[in-house]
S.K.: 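One structure, pasted below without further comment.
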2 protein chains.
Amino acid sequence: MSTSPATIKDVAREAGVSVATVSRALNGAENVLPHTRQRILDVARELRYAPSGAARSLITRRTDTVGALLPDLHGEFFSELIRGIDQAARARGLHLLLSSSHDDVHEAAAALRAMNGRVDGLIVMSPHADDDFLSQNLPPTLPAVLLNSGVQGARQPVFAVDNFGGARAMTEHLVGSGRRRIAFLGGPAGNFEAQERRRGYEAGLPAGSRPVLLSGDFSEQSGYAAGAALAASAAGERPDALFCANDMMAVGALHAFADAGLRVPDDIALAGFDDIPLARYMRPALSTVRVPIAAMGTKALDALADALDVGDRSRALAQPPRTVIPVELVVRESCTQKFP
Amino acid sequence: MSTSPATIKDVAREAGVSVATVSRALNGAENVLPHTRQRILDVARELRYAPSGAARSLITRRTDTVGALLPDLHGEFFSELIRGIDQAARARGLHLLLSSSHDDVHEAAAALRAMNGRVDGLIVMSPHADDDFLSQNLPPTLPAVLLNSGVQGARQPVFAVDNFGGARAMTEHLVGSGRRRIAFLGGPAGNFEAQERRRGYEAGLPAGSRPVLLSGDFSEQSGYAAGAALAASAAGERPDALFCANDMMAVGALHAFADAGLRVPDDIALAGFDDIPLARYMRPALSTVRVPIAAMGTKALDALADALDVGDRSRALAQPPRTVIPVELVVRESCTQKFP
DNA sequence: CTGAAAGCGCTTACAG
DNA sequence: CTGAAAGCGCTTACAG
């Protein structure tokens with residue numbers, strides 16, 4: 001019993017052949033005698049030999065792994081996203097290296113650089129991922145696709161949700177169904193997506209009407225706080241609709257309303273954004289803007305994998321495509337005037 | 001502009017030193033003149049140099065990565081688990097390599113062997129992970145911990161939820177609150193956890209009372225089907241409580257009951273297992289057995305990381321510990337006799 | 001303080 | 001069909 005795993009050398013010695021032949025036999029090359037191959041296979045099994053990924057990657061320049069740099073792993077949004085990415089990766093025989101929660105830009109930079117030599121390509125979703133950051137830290141020849149990024153002159157393809165259009169559509173729907181005073185609960189200050197959704201909200205309001213902006217941070221807790229504040233305001237001034245920049249805040253607001261005895265949608269309509277699985281389980285079920293989260297992950301990975309297959313990583317696209325992911329209005333109970 | 005990323009050689013050439021000195025400077029070794037170090041740092045930055053993970057791993061025998069072999073990525077259970085694992089990994093500066101959904105045993109075996117040389121240790125949660133499978137496919141010296149495994153003579157530490165105790169406690173609670181006929185909706189046939197939960201259910205029934213067993217597969221859909229079937233049965237024979245082997249099936253059953261006009265808990269009590277985040281959002285909120293899912297992932301990773309730090313991977317424990325994760329009864333509306 | 005050399009475990013031309 | 005050798009990009013004794 002040795003203390004370290006068997007290497008190709010061990011197999012070669014036991015089988016009485018060279019390491020080159022072992023390599024060929026194990027990789028299915030044609031030019032190995034059936035009898036030789038069999039012996040090698042037997043020895044390999046007996047020794048529980050598994051090739052070293054590191055050594056293999058070093059020489060083949062292939063890791064069969066894609067990395068995903070995500071801002072967070074918490075909650076249903078990322079769960080769905082990872083599921084979509086993973087599904088597509090598996091279908092192509094790629095492994096998934098996950099890196100998450102890089103609060104500050106230095107951490108994110110380190111994470112990005114640590115990917116070098118570990119992955120064949122990268123899916124990047126990060127508030128730090130602007131053009132400058134990427135050109136500083138992304139290994140120059142590593143293929144990458146960006147998710148929901150506000151990056152302008154990016155060298156990488158971008159997949160971005162139609163945050164603006166979705167928020168405008170929801171706002172227009174609320175207006176159209178008779179809501180007079182529609183408040184918007186925004187996301188984190190510097191967040192690109194949150195900004196787009198706010199812009200969409202403002203664009204959807206009737207001309208001349210003043211936006212009512214509340215501030216949140218995408219968390220359920222901040223939604224609860226905003227909901228409680230609204231519920232406490234004088235009935236005359238209280239908005240008759242609350243549109244939250246994401247679903248989790250809407251969930252929090254719904255609980256605050258329930259605790260305050262405010263009825264949804266009778267006293268106030270409520271809407272979110274994302275359509276996380278939870279949205280349709282709420283009572284009343286939550287109206288929202290559906291983002292095809294898992295599908296987005298799948299698309300991003302497929303685009304990345306295609307770029308890998310092309311192989312010529314030096315051919316940078318002059319104008320990499322920006323794919324807008326369409327969204328869909330999902331009207332449920334929380335937005336109708338009365339229960340059916 | 002070269003077509004491939006800068007290597008340590010490029011940095012050495014540009015800085016006019018040997019690769020050994022570059023390596024020392026970049027890794028923070030003491031024995032480098034400040035002036036030399038600075039020059040190297042400057043060149044490295046200019047060249048956007050990032051060390052190759054593969055090359056580094058090959059020589060250091062460290063990947064700073066742990067692998068997680070999971071049966072699936074779908075749903076809140078795995079979302080929570082990954083979050084717990086990731087959080088602990090990040091705290092220790094470890095990356096996370098994810099591998100999921102290995103339906104058949106060959107896929108799972110291949111996934112396991114592909115981890116060789118890519119990770120320093122492994123968290124394994126797989127229905128295939130019996131003793132034989134592991135000794136065949138787990139690289140012999142790779143530290144690993146098992147999650148929710150039924151493995152007996154394992155060579156690896158096991159973290160397992162108290163499925164039996166939790167299911168028995170819930171059953172006893174239902175009995176204690178006056179339910180006379182308690183049905184159990186089981187999980188997939190060969191699933192170890194599902195079996196343990198069924199055993200717990202049977203143990204919790206009053207002596208002499210016959211178990212009522214329905215079959216499901218952990219999916220919401222199978223829960224709906226079972227719920228619909230129950231709702232359709234004659235009122236006299238219908239159970240007055242349904243205990244589902246996991247929460248998602250309970251969610252499905254709840255919808256079936258609602259669709260059939262059956263009131264929960266008045267007509268029938270309902271309980272699940274896991275306490276996924278969704279459980280407390282249901283209306284009525286779902287009674288369940290709380291598994292500290294994220295904490296379990298964290299514990300598993302911490303145990304693994306500790307084993308890595310010890311370093312001596314050859315010292316196999318004669319009797320690796322089996323840690324039972326305690327669970328907690330969570331009684332919510334779906335189980336009380338009347339709404340408060 | 002610095003460099004030349006060996007070596008990690010593989011794959012792949014190049015010979016034979 | 002098989003082997004000896006070079007090399008992937010690093011780190012680390014060993015000298016100096």
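In what follows, every chain begins at residue 1, and chains take the letters A, B, ... in the order their sequences are listed. Quantities reported herein were computed from a predicted structural model and do not represent experimental measurements.
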S.K.: Expressed as a whole number of angstroms, how long is the span from B/L47:CG to D/dC10:P?
M.R.: 12 Å

S.K.: With both distances under 3.5 Å as the test, what is the Watson-Crick or G-U wobble partner of D/dC14?
M.R.: C/dG3

S.K.: Quick one: is C/dG9 close enough that its OP1 or OP2 comes under 4.0 Å of any side-chain N or O from A/S52?
M.R.: no

S.K.: Would one find a side-chain N or O of A/T21 under 4.0 angstrom from OP1 or OP2 of D/dG3?
M.R.: yes

S.K.: What does A/I59 touch in the nucleic acid at a heavy-atom separation under 4.0 angstrom: a base, only the sugar-phosphate, or nothing?
M.R.: base

S.K.: Report the distance from atom CG of A/L58 to atom P of D/dG9, rounded to the nearest whole Å.
M.R.: 7 Å

S.K.: Does A/N116 or A/E30 map to a spot on DNA chain D nearer the 5' end, using the closest nucleotide for each?
M.R.: A/E30

S.K.: Just checking, is any N or O donor in the side chain of A/R48 or B/N116 under 3.5 Å from an acceptor N or O on the other one?
M.R.: no

S.K.: Ignoring backbone atoms, establish whether A/T36 has a side-chain N or O less than 4.0 Å from OP1 or OP2 of D/dT2.
M.R.: yes

S.K.: Can you tell me if A/T7 touches the phosphate of C/dG9, counting only side-chain N or O atoms and a distance under 4.0 Å to OP1 or OP2?
M.R.: no

S.K.: Are B/M296 and B/N148 packed together at the side-chain level, in the sense that at least one heavy-atom pair is separated by less than 4.5 angstrom?
M.R.: yes

S.K.: Indicate whether OP1 or OP2 belonging to C/dT11 is found under 4.0 Å from a side-chain N or O atom of A/R56.
M.R.: yes

S.K.: Does the side chain of A/N27 get closer than 4.0 angstrom to OP1 or OP2 of C/dT11 through an N or O atom?
M.R.: yes

S.K.: Would you find a donor on one side and an acceptor on the other, under 3.5 Å apart, between the side chain of A/R39 and the backbone of A/H35?
M.R.: no

S.K.: Nearest whole Å is fine: how far is C/dC10 P from A/I40 CD1?
M.R.: 14 Å

S.K.: Mind calculating the distance between CZ (B/R24) and P (C/dA4) to the nearest angstrom?
M.R.: 11 Å

S.K.: Could you work out which one of C/dC8, C/dA5, D/dC14 sits closest to the side chain of B/A20?
M.R.: C/dA5

S.K.: When the nearest nucleotide of DNA chain C is assigned to B/S18 and to A/T60 on a heavy-atom basis, which residue is associated with the more 5' position?
M.R.: B/S18

S.K.: What's the CZ-P distance between A/R118 and D/dG9, to the nearest Å?
M.R.: 16 Å

S.K.: Between C/dC14, D/dC10, C/dC10, which nucleotide gets closest to the side-chain atoms of B/P51?
M.R.: D/dC10

S.K.: List the steps and the verdict of side-chain contact (heavy atoms from CB on, under 4.5 Å) for A/L301 and A/V66.
M.R.: CA-CA 8 Å; A/L301 189 119; A/V66 297; 3.5 Å; yes

S.K.: I'd like to know if A/R61 reaches the base of D/dG9 with its side chain, counting only an N/O donor and acceptor under 3.5 Å.
M.R.: no

S.K.: Measure the distance from NZ on B/K9 to P on D/dT11 and round it to the nearest whole Å.
M.R.: 14 Å

S.K.: Atom CG of B/N31 and atom C1' of D/dT12: how far apart are they, to the nearest Å?
M.R.: 11 Å

S.K.: Mind calculating the distance between CD (B/Q38) and P (C/dC1) to the nearest angstrom?
M.R.: 16 Å

S.K.: So, does A/S23 get its side chain near the phosphate of C/dT11, meaning an N or O under 4.0 Å from OP1 or OP2?
M.R.: yes

S.K.: Do B/L41 and B/L26 pass the side-chain contact (heavy atoms from CB on, under 4.5 Å) test, and can you show the C-alpha distance, the side-chain angles, and the key distance before you say yes or no?
M.R.: CA-CA 7 Å; B/L41 255 33; B/L26 262 28; 3.5 Å; yes

S.K.: Quick one: CG on B/L122 to CD on B/Q156, what's the gap to the nearest 0.5 Å?
M.R.: 9.5 Å

